[in-house]
Amino acid sequence: MLVGLFGIAWAMTPIPDSTQKEATAQGSVIYYRDGKTVLARKGIDRKIVPLAKVPEHVREAVIAAENRSFYEDAGVSIKGTTRALWSTVTGQQLQGGSTITQQLVRNYYSGLSQERSITRKFKEILISMKVDQSKSKDWVLEQYLNTIYFGRGANGIQSAAQAYFGKDVQDLTVAEGAYLASVIQQPSRFADPQGSDLEAVMARWQSVIKAMGETGALTPQQVATERFPALKPPKKPFEIKGQGQYMLEQVTAELNRRGYTDEDINSGGLKVVTTFDKKLMDAAQRAVKQVLPESTPKKVRTGLAAVDPATGEVVAFYGGRPSQSAYYDSAFSSKVMAGSTFKPYTLAAALDNGFDLSTRVDGNSPLHVASADKPIPNDSNRSYGQIDLVQATQNSVNTAFVDLGQKVGLDKVAAVVEAAGIPKEQVEPHAHAASFPLGVASVSAVQNASGFSTFANKGVHMEAHVVKSVTDGQGRKDVVKPVSRRVVGEQAAADTIYAMQQVVKYGTGTAARLYDRPVAGKTGTTDDSKAVWFNGFTPQLAVAVDMFRDDNETVTIPGYGTQFGGQLPAQVWRAFMTEAMAGKPVEEFPEPSDYGYDYGYDYSAPQNDPSAPPQDGFDRPPNPQDWGTPPSQSAEPPVTEPPATQAPETGQPVNPDNGGDGGTGGNGGNGGDGGRVTEPPAQQPTSGPDTGAGSTSRPSGVG
C-alpha cells in the first residue's frame with residue numbers, strides 16, 4: 001500500500017516549470033560614461049556565472065561543507081531526511097540534513113513554500129529525486145552556487161567573492177573558497193564576525209578545510225598549511241546621494257522608453273552605461289555653488305544642462321538640491337518660459353528660408369501686427385528703426401523678431417523649434433501667437449541646451465539621451481543610436497552662430513565670454529524676471545543655465561538685486577564651461593556668409609550709432625495685456641493665458657510671461673551682477689547715459 005501511495009504521489013508531483021524570481025534575479029549596475037565608475041545599483045546583488053568559472057577547490061569546499069555525497073546520492077539523503085522528518089513530526093526545531101539538490105529545489109523552483117510541514121518536505125523530496133534523474137549533477141551545482149545567499153547582501157558565489165574578498169570567483173584561493181562555504185550555514189552571523197562569532201566561524205572554516213582533506217580535495221600537507229583568510233571590510237549599503245537620485249531617475253525613465261521594464265532593470269542583470277561624465281557632473285555642481293551667493297533664497301532654483309552637439313549625449317547637469325525636491329529636478333523636469341533664448345530659432349528659420357544677415361526688419365516700437373489685439377512694444381518703448389538681423393540679435397530687439405516671425409511665417413519657426421528637440425505639446429499652444437518668437441513657450445534646461453546644440457552641430461539635431469549602451473545578462477550589447485534630424489542647412493546654422501557670437505562679444509551676454517575660445521549664446525529674461533536664462537555653446541558643448549523660483553515670483557538675490565539672463569546665469573555658465581573646456585582643443589565656428597562684411601556693413605565690431613536710443617539692456621516685453629501702454633505707466637494685471645507649467649513643489653501655475661532679454665544695465669554693467677564683472681570688455685566702450693537701475697558705460701545701442 002505504501003509503495004502504491006508513493007507511486008501515485010510520484011506521478012502527481014511534476015518538476016515545477018517555473019523558477020522563483022528571486023532565485024535567478026540579477027541586479028543591474030549603472031555606470032558613468034567611462035563604463036567603470038558605478039553610479040547606482042538596482043535590484044538583487046547577483047551575477048550568474050557558469051560552473052566552469054568556479055575553481056575546482058571552491059566547488060569541493062561547498063560540497064565538503066554541505067553535502068559530501070553529492071555526486072553519489074540520488075538527490076536526497078535518507079539519513080538526513082529521516083532526521084528532519086522526525087524533528088518536524090515531534091515539533092522539535094527543524095534539523096538540517098537537506099542535500100544540495102534539496103536546498104536548490106526549495107530555493108529555486110516556484111510552488112514550494114518555506115513552511116515546516118511533512119507535506120512540503122515530502123514534496124521537496126519527490127522533486128529533488130526527479131531533478132536528480134533529469135538534470136546533471138554539474139547543472140544542479142551551478143544553479144545552487146548562483147542561487148544561495150552568502151550574507152553581506154550577496155546572492156550567488158560571484159557576488160559573494162566580491163563582497164568578502166573584492167575579487168572575481170575564479171581568483172579565490174583555497175582558504176577564501178572554504179570561508180564562503182562556511183558562511184552558507186549562517187550567512188547573517190558570519191557576514192562580519194566579531195568576538196564569539198569570529199571564533200565560531202574560524203572553527204567552522206577549520207572544519208571545512210578538514211572535511212576537504214577527508215574527501216581528498218586537499219592533501220594532508222595542504223590541510224596543515226592553510227590559514228584563515230583576511231576578510232575585506234563590508235561595504236556600506238549602496239546609497240545614492242546628491243545628483244545621483246536625479247541621474248537614476250532619468251536613466252530609468254529612458255530605459256522604460258526604450259522597452260526595458262522595471263523588472264528587466266531590477267532583475268535582468270543589465271550593465272547600463274550612461275552618458276554622464278562624473279567630472280563634469282561635479283563641475284556643474286561646483287559652478288552653481290561657487291557663483292551663487294549664500295544669500296540666495298531657498299525658493300530660487302537653478303538648473304544646468306550640458307549636451308554634446310555631435311552625439312546628443314547629456315554629459316552633465318545640475319538639478320538642484322534633492323532635499324528641496326527629491327523627484328523634481330531643475331534640469332529635466334522643471335519647465336519655465338524660454339524668453340529671448342527662443343529668438344535664435346526664429347533667426348535660423350529665416351536664414352534657412354531665403355533671408356540673410358543683412359535682411360532689414362522693423363525695430364521700431366510699438367509694432368502693429370494684424371494677428372495681435374494690441375501693438376507690441378520694445379522695453380521702455382524704445383525704437384531702433386530698420387535694423388539687420390545681426391543688430392537685432394545682438395541687442396535682442398523684440399519688435400524686430402516679431403516682425404521677422406511674421407515675414408518668415410510662424411509655422412516655419414515652430415517647425416524649426418520642434419525639429420530642434422522641443423516637444424510639440426510644449427510648442428503648439430503658443431505657435432500661432434505673434435509673440436511666439438519672444439519665448440512664450442516653456443522648456444527645460446536640457447531641452448534648451450539640446451536645441452542650441454543643433455546650431456553647433458551644423459544644423460543637425462541629435463536626440464538628447466542619457467543612456468549610451470545596455471548589456472543584458474547574457475552579454476548581448478545594445479548601443480543606443482540617437483535619432484538625428486536635419487533642422488536647417490549648414491550655412492543657416494553658421495550665420496545663426498555668427499549673430500549669436502555678437503551677443504557674447506558685445507551684447508547682453510558678455511559675462512559668459514571665454515577668453516581662450518569662441519562662444520555663441522543668448523540671454524533670456526521673462527516678464528518680471530520670473531525666469532532668467534543663459535544658453536550658449538562652443539563647437540564641442542552646448543550648455544543652458546536657468547534660474548527661477550518654485551513659487552513663480554521674481555528671481556531676486558539679496559545684495560545682487562533682480563536677476564537677468566546676462567548676470568548670475570551667464571556667470572554660472574562661464575564658471576562651468578571654464579572647467580569643462582580646460583585642456584580641450586580650441587575649435588572655431590564655421591564662417592558666416594560674406595564673412596566680415598556685407599553690403600558695407602562691418603559685423604566684426606559693435607555698432608556705435610549715435611542716433612540709437614539709450615537702453616538698459618533688460619529688453620523684456622510686458623504682458624500681452626499691456627501691449628500699447630508705455631511701460632512707465634502700465635500696471636501688472638493678472639495673466640489670463642493658461643498656465644505654461646506647474647511649479648515643482650507647490651503645484652501653483654507658472655504665469656506664461658512673455659519672453660525678453662536681460663543683461664547689460666539694470667543691476668550692473670555688461671550683463672554682470674550689479675557691476676561685479678571685472679573682465680575687460682571686448683572693445684573699449686564709449687560713454688553712454690545712465691539709464692538702468694545700475695549705471696554703466698557702453699557703446700550706444702548695446703543692450
May I ask you to test the [X]-[Y] pair for a side-chain heavy-atom distance under 4.5 Å?
| X | Y | value |
| --- | --- | --- |
| L568 | P293 | yes |
| K42 | L248 | yes |
| Q426 | V443 | yes |
| S333 | Y246 | no |
| F276 | V251 | yes |
| V504 | F534 | yes |
| T311 | M462 | no |
| E587 | Q540 | yes |

So does [Y] get a backbone contact from the side chain of [X], meaning a donor-acceptor N/O pair under 3.5 Å?
| X | Y | value |
| --- | --- | --- |
| E579 | A283 | no |
| T525 | G565 | yes |
| E463 | G312 | no |
| N378 | N398 | yes |
| S450 | Q447 | no |
| W533 | M337 | yes |
| R517 | K584 | yes |
| S529 | V555 | no |
| N395 | V397 | no |
| T538 | V519 | no |

Using every non-hydrogen atom in the two residues, find where [X] and [Y] come nearest and quote the distance to one decimal.
| X | Y | answer |
| --- | --- | --- |
| Q250 | V466 | O-CG2, 3.8 Å |
| A544 | A445 | CB-O, 3.5 Å |
| V586 | D516 | CG2-O, 3.3 Å |
| G319 | Q243 | N-OE1, 2.8 Å |
| V390 | Q502 | CG1-CG, 3.8 Å |
| T399 | I376 | CG2-O, 3.4 Å |

W573 and V291: CA distance, side-chain angles, deciding distance, side chain to side chain contact (heavy atoms under 4.5 Å, CB included) verdict
CA-CA 10 Å; W573 188 95; V291 172; over 6 Å; no
So, applying side chain to side chain contact (heavy atoms under 4.5 Å, CB included) with V336, which one of D546, N448, T526, V532 is it?
D546
Rounded to the nearest 0.5 Å, how far apart are [atom1] of [X] and [atom2] of [Y]?
| X | Y | atom1 | atom2 | answer |
| --- | --- | --- | --- | --- |
| R321 | Q285 | CZ | CD | 11.0 Å |
| Q563 | T302 | CD | OG1 | 9.5 Å |
| R257 | T252 | CZ | OG1 | 10.5 Å |
| Q567 | T508 | CD | OG1 | 11.0 Å |
| K343 | F401 | NZ | CZ | 6.5 Å |
| K278 | Y31 | NZ | OH | 15.5 Å |

Using the side chain to side chain contact (heavy atoms under 4.5 Å, CB included) rule, take F576 and L541 through it: C-alpha gap first, then chi angles, then the decisive distance, then the call.
CA-CA 11 Å; F576 171 75; L541 196 61; 4.1 Å; yes
Using 30° and 60° as the class limits, which term best fits the ring planes of F436 and F342: parallel, tilted or perpendicular?
perpendicular
Taking it one step at a time, do M547 and I557 satisfy side chain to side chain contact (heavy atoms under 4.5 Å, CB included)?
CA-CA 11 Å; M547 293 179 67; I557 311 297; 4.3 Å; yes
Return yes when atom CD of E425 has more than 12 non-hydrogen atoms of other residues, nucleotides or ligands closer than 6.0 Å, and no otherwise.
yes
Charged N-O contact under 4.0 Å between E313 and R33
yes
Taking NZ, NE, NH1 and NH2 as the nitrogens, is one of them in D34 or K36 under 4.0 Å from a carboxylate oxygen of the other?
no
Please step through side chain to side chain contact (heavy atoms under 4.5 Å, CB included) for the pair E249 and F332, ending with a clear verdict.
CA-CA 10 Å; E249 181 182 359; F332 290 88; over 6 Å; no
Are F589 and F455 close enough that their ring centres sit under 6.0 Å apart?
no
Do S365 and N381 meet the criterion of a side-chain donor-acceptor pair at a distance under 3.5 Å?
yes
